[in-house]
Amino acid sequence: MPGSAAPVGRADLLTRLDQVLRTRGRALLIGPAGIGKTEVAQAAADQAARCRGETVLWLAPQPADRDMAGAAAAALIASVPPAALDGLPEPQRAAVAVLCREATAPETGWDPVALRLGVARILRALAERGPVLLVVDDVQRIDAESADLLRFALHLAPAALRVLAVETPDPYADGASCTLWVPSEADVLLVPPLQADEIAELLVHHRLPSRMAGRIHRTSGGNPRLALAVGRSLADARTPVHHAEALPLSGRARDLARRMLSPATPDVRATLLLAALALRPTAALIRRAGRPTAEAELAAAERAGLISVTEDGTVAFTAGLLPSTLVHDTCWTERSSGHAALARVVDDPVEEVRHRALATDVPDEDLAAEVTAAAETARRRGNSALAAELALLAAESTPVRLGERRIARLVDAAEEAARAARADLAMRAAADLLARDAAPADRVRARLAVLDTAGQGLTDLDELYVHAMEDSDGDPRLRAGVLLRLAVKYVLADGDPVRSRAAAVESAALAASVDDRHTAAKALTVQARMDRALGSPDAERTLAEARALEMTDRPLGVRNAAQILTIRHALFDDRLTEARDQLNALLPLVERRGPVEDAIELLNTLSQVEARRGQCAAALAHAGRSLALTLEAGLSPGPAWYHLALAETAGGSFARAAGYARRSVRASEEEGDHVFLSRSLYALGRVQLVTGDVAGALETLRRVQEAENAQCAVDPSMLRWHEELAEALLANDAREEAEALLADVGPVAERLGRTTVLLGFDRAYALCLAAGGKTDEAVALLAETADRFAAHGLVLEQGRCLIALSRVERRRRRRSAAQQALHAAAAVFERAGAVPWLGLTAENPSYAEPAPGTAPAGNAALSRLTEAEQNLARLVGEGASNQEAAARLYLSVKTVEARLTRIYQKLDVRSRAQLATVLNHGAGS
């Protein structure tokens, strides 16, 4: 049997498959090629072998076996243990030997009755020794003779023999057609395509770029094999890809698409080509365009898994790579004929103009003017993607002799593509323009459009910035726009907020000098953001100035605007009700008529606000919607994964939170995004800390510290890693370093008036007090801090303080107080729906508190140890392993080992048994 691993996104399917096999004993997995049927079967077989100790037989006929009589049956018999053949009567043994080519066949061939009985007896004998799972992969390749033998044998097989068949159905046959049984004998399970988030997980698992997961999902249709091929194409691409609609695809991805299309007849391909060329393909439209048998041809394509057809006849390809491959592999003459036919029958004037323009390769000014008008119409309708496509088509349809007009249309096309986030179209327009004798201002506008489509990925674009700066020399309006983009690039790609602020200040001044309020407002917003990060007291004043300009300018979007930064400042300051109310007022407006990036920005911020407020269900819902929109739009999922990690930490699952945080780290590294790299590392380190992986937490949070220090970040409210790192240091026996960190950043937080940040520091400092033996002071500070968190509406932080209080009380052997604090924390978390935190309150505290009868802290042995060493000594003396002790004390295993070594030296013992003896002797003396 091939090696197996749990397939991504198939947990529910595996559960259903296991139920079917246990109840009915027969199951058939079906689905198109590449969908992952074999991987699911491998996982089921691995589960049967490892978890239940079943014997697994794996039969995988090859394509050539279909024409070789008895090939599959012979392969099956060759795979069973030789003992299963013992006891076969001679006629049956002889027939089996002939089948396996171990004996010469008599003139009459093998005895069919003896062979049937022999195969049945072999399988029965095998099942009598214990449960057996027979997996038949690619069952459609079984030769007719083997199918007949297995059908007979399985009919007589005992219940202990279960069978899982895997079939890729004939696309031009009706339904599944497993040859091993009649349909009523088994349940048929369809292996569905993966969702966009599962495709992202698959890419991460195979160490492929995950930042394009949304585009890859749309291109592959959720087919894992096709998605991996597309992902490898991206990895192989020589030039960076910045959210392009048309992904650069290598031969392997195209070849897979061609293999999927290969069963289609010429008539079916002709019909599919029209569907690929149309904007809104329907069966009726294709029929009117010259395919009178369109419905039958579309039905054949649907059975082949190439398209889906809705009740109203709308046609959708199952994978975006299929129509692009069809068009790519079709000659110009056929494409031109197809567009011409569609132009004659579409009922929308915008579509009609588009098809007429695509049906000719002769530039024509009258046609170009019509396409330009169609682009304006598409823009008014809110179809920005179509408007961008038409704007570029208008430019390309403009005769070369009208050079200035063509350049002007190319500039418009690039900027239209930027508004639609279509990097591929922006790059095409810019490349065409830059190859011509365009004015510097036009070159700058085209380059800025390309930069505006780069999203989070601003690395590898330095040349664009350099040329834009050169061409904008002497034009304050253009130079302000270039500097604004540089300000964003400096912080995201270079991690340099000081340089970013300087560029933003210069941009704002230049924009103000030419009364460009739009650019000035954006530049001041970037300046305010950098001022906040750098700890400048001018941040709020600058933001207010930007907000005033913005209210006068009334920009179309909110992303990166002063309005949303004002809300984020409220979030940083824990003015959460204010932030929530403003977000809830904006969201419906943005969802109705704003770009998707704005909706994502608002949902992410709202999720973070609700998580901080302890509204866990709402936080999860908003973060989930943000991720869905992000992947659907093909944007980098790094920011959405970060916010989902925060939401999962609050109310979902610590394991899922860590998974999303790791994905965000990877995507941010791929993008070269320093801002979200720090954030996602913080989210990961926080989860590692609260789940007991203190060594991992320390390593991760130190990376955050290094990154934030490198970026000169001063304000501790924007990313609250200091308190987490202090606790991780404490758990790793570095109390002095933890106290030094808090002492260093505390005055900064106090100077900036970051009240709730100081509360987080108080919680961490209280744990330092407890570790230093000052448990009375620690208890008082934790109780006070929990109450103050509650007063600020930060219920999850309140509950976390109460958990810490419970642990300190247990160390003081005050069981009643410890239980009271723990029950109070549980009540807080239960009201908030904070499921993972509630789980922490349900832990068995036996290792964290002294058992009855153990030595008091003052006995002769324990008096030589610090309090931290006493706690560990008690646990080990009671029989806890190093791993158990590490989990109970929230230490790393390495820290436990080092601390235990010191205990052995102080008490002059060499083993756990001797340690227990010393402790027990001290207790009884």
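This one's a predicted model, so the numbers in the text were calculated from it and none came from an experiment. For this chain, numbers begin at 1 and follow the sequence in order.
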Trace of the side chain to side chain contact (heavy atoms under 4.5 Å, CB included) decision for L492 with H674:
CA-CA 5 Å; L492 283 181; H674 289 266; over 6 Å; no

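- When the salt bridge (charged side-chain N to carboxylate O under 4.0 Å, His left out) test is applied to R532, the partners found at least two apart in sequence or on another chain are E540, D573, D715.
- The stretch residues 635-660 participates, sequence neighbours left out, in these salt bridge (charged side-chain N to carboxylate O under 4.0 Å, His left out) pairs: E648-R656.
- No side-chain heavy atom of E777 sits less than 4.5 Å from a side-chain heavy atom of L781.
- Without hydrogens or angle criteria, D673 side chain to F676 main chain gives a donor-acceptor distance under 3.5 Å.
- For A200, the side chain to side chain contact (heavy atoms under 4.5 Å, CB included) criterion is met by D197, A213, W641, R663, not counting sequence neighbours.
- Sequence neighbours left out, the pairs with a member in residues 739-751 that pass salt bridge (charged side-chain N to carboxylate O under 4.0 Å, His left out) are R735-E739.
- For the atom pair H643 NE2 and N604 CG, the distance stands at 4.5 Å (nearest 0.5 Å).
- By the salt bridge (charged side-chain N to carboxylate O under 4.0 Å, His left out) test, E784 pairs with no residue at all, sequence neighbours left out.
- For the pair L586/I567, a side-chain contact is recorded, criterion being any heavy-atom separation below 4.5 Å from C-beta on.
- For residues 755-771, the pairs satisfying salt bridge (charged side-chain N to carboxylate O under 4.0 Å, His left out) are E723-R763, E727-R763, D762-R788, with sequence neighbours left out.
- With a 6.0 Å radius and a threshold of 12 heavy atoms from other residues, nucleotides or ligands, E669 has its CD atom above the threshold.
- To the nearest 0.5 Å, atoms CG (L484) and CD (E506) are separated by 12.0 Å.
- Under a 3.5 Å cut-off, the side chain of T775 and the backbone N or O of A770 do not form any donor-acceptor pair.
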Identify all side-chain donor-acceptor contacts of residues 824-837 below 3.5 Å with residues at least two apart in sequence or on another chain.
residue	atom	partner	partner atom	Å
W837	NE1	T649	O	2.9

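- At least one side-chain heavy atom of E797 sits less than 4.5 Å from a side-chain heavy atom of R612.
- Residues T566 and Q563 fail the side-chain proximity criterion, which asks for heavy atoms closer than 4.5 Å.
- A distance-only check finds no donor-acceptor pair linking the side chain of S500 to the backbone of D496 [under 3.5 Å].
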Begin from the C-alpha positions of C712 and L534 and carry the test side chain to side chain contact (heavy atoms under 4.5 Å, CB included) through to its verdict.
CA-CA 7 Å; C712 306; L534 295 169; 4.0 Å; yes

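- Scored by the side chain to side chain contact (heavy atoms under 4.5 Å, CB included) test, E578 finds A570, R575, Q582 as partners (sequence neighbours excluded).
- Contact of the Y642 side chain with the Q608 side chain is registered, since non-hydrogen atoms from C-beta on lie closer than 4.5 Å.
- For V909, the side chain to side chain contact (heavy atoms under 4.5 Å, CB included) test picks out Y904, L907, Q914, L915, V918, with sequence neighbours left out.
- Between E699 and R703, no side-chain nitrogen of the basic residue sits less than 4.0 Å from a carboxylate oxygen of the acidic one, so the salt-bridge criterion is not met.
- Partners of E724 by salt bridge (charged side-chain N to carboxylate O under 4.0 Å, His left out), not counting sequence neighbours, listed by chain and number: R686, R800.
- Every residue two or more places apart in sequence or in another chain that forms a salt bridge (charged side-chain N to carboxylate O under 4.0 Å, His left out) with R613 is listed here: E610.
- With sequence neighbours left out, the side chain to side chain contact (heavy atoms under 4.5 Å, CB included) criterion links E737 to R702, L729, A734.
- Heavy atoms of other residues, nucleotides or ligands lying less than 6.0 angstrom from OH of Y765 number 12 at most.
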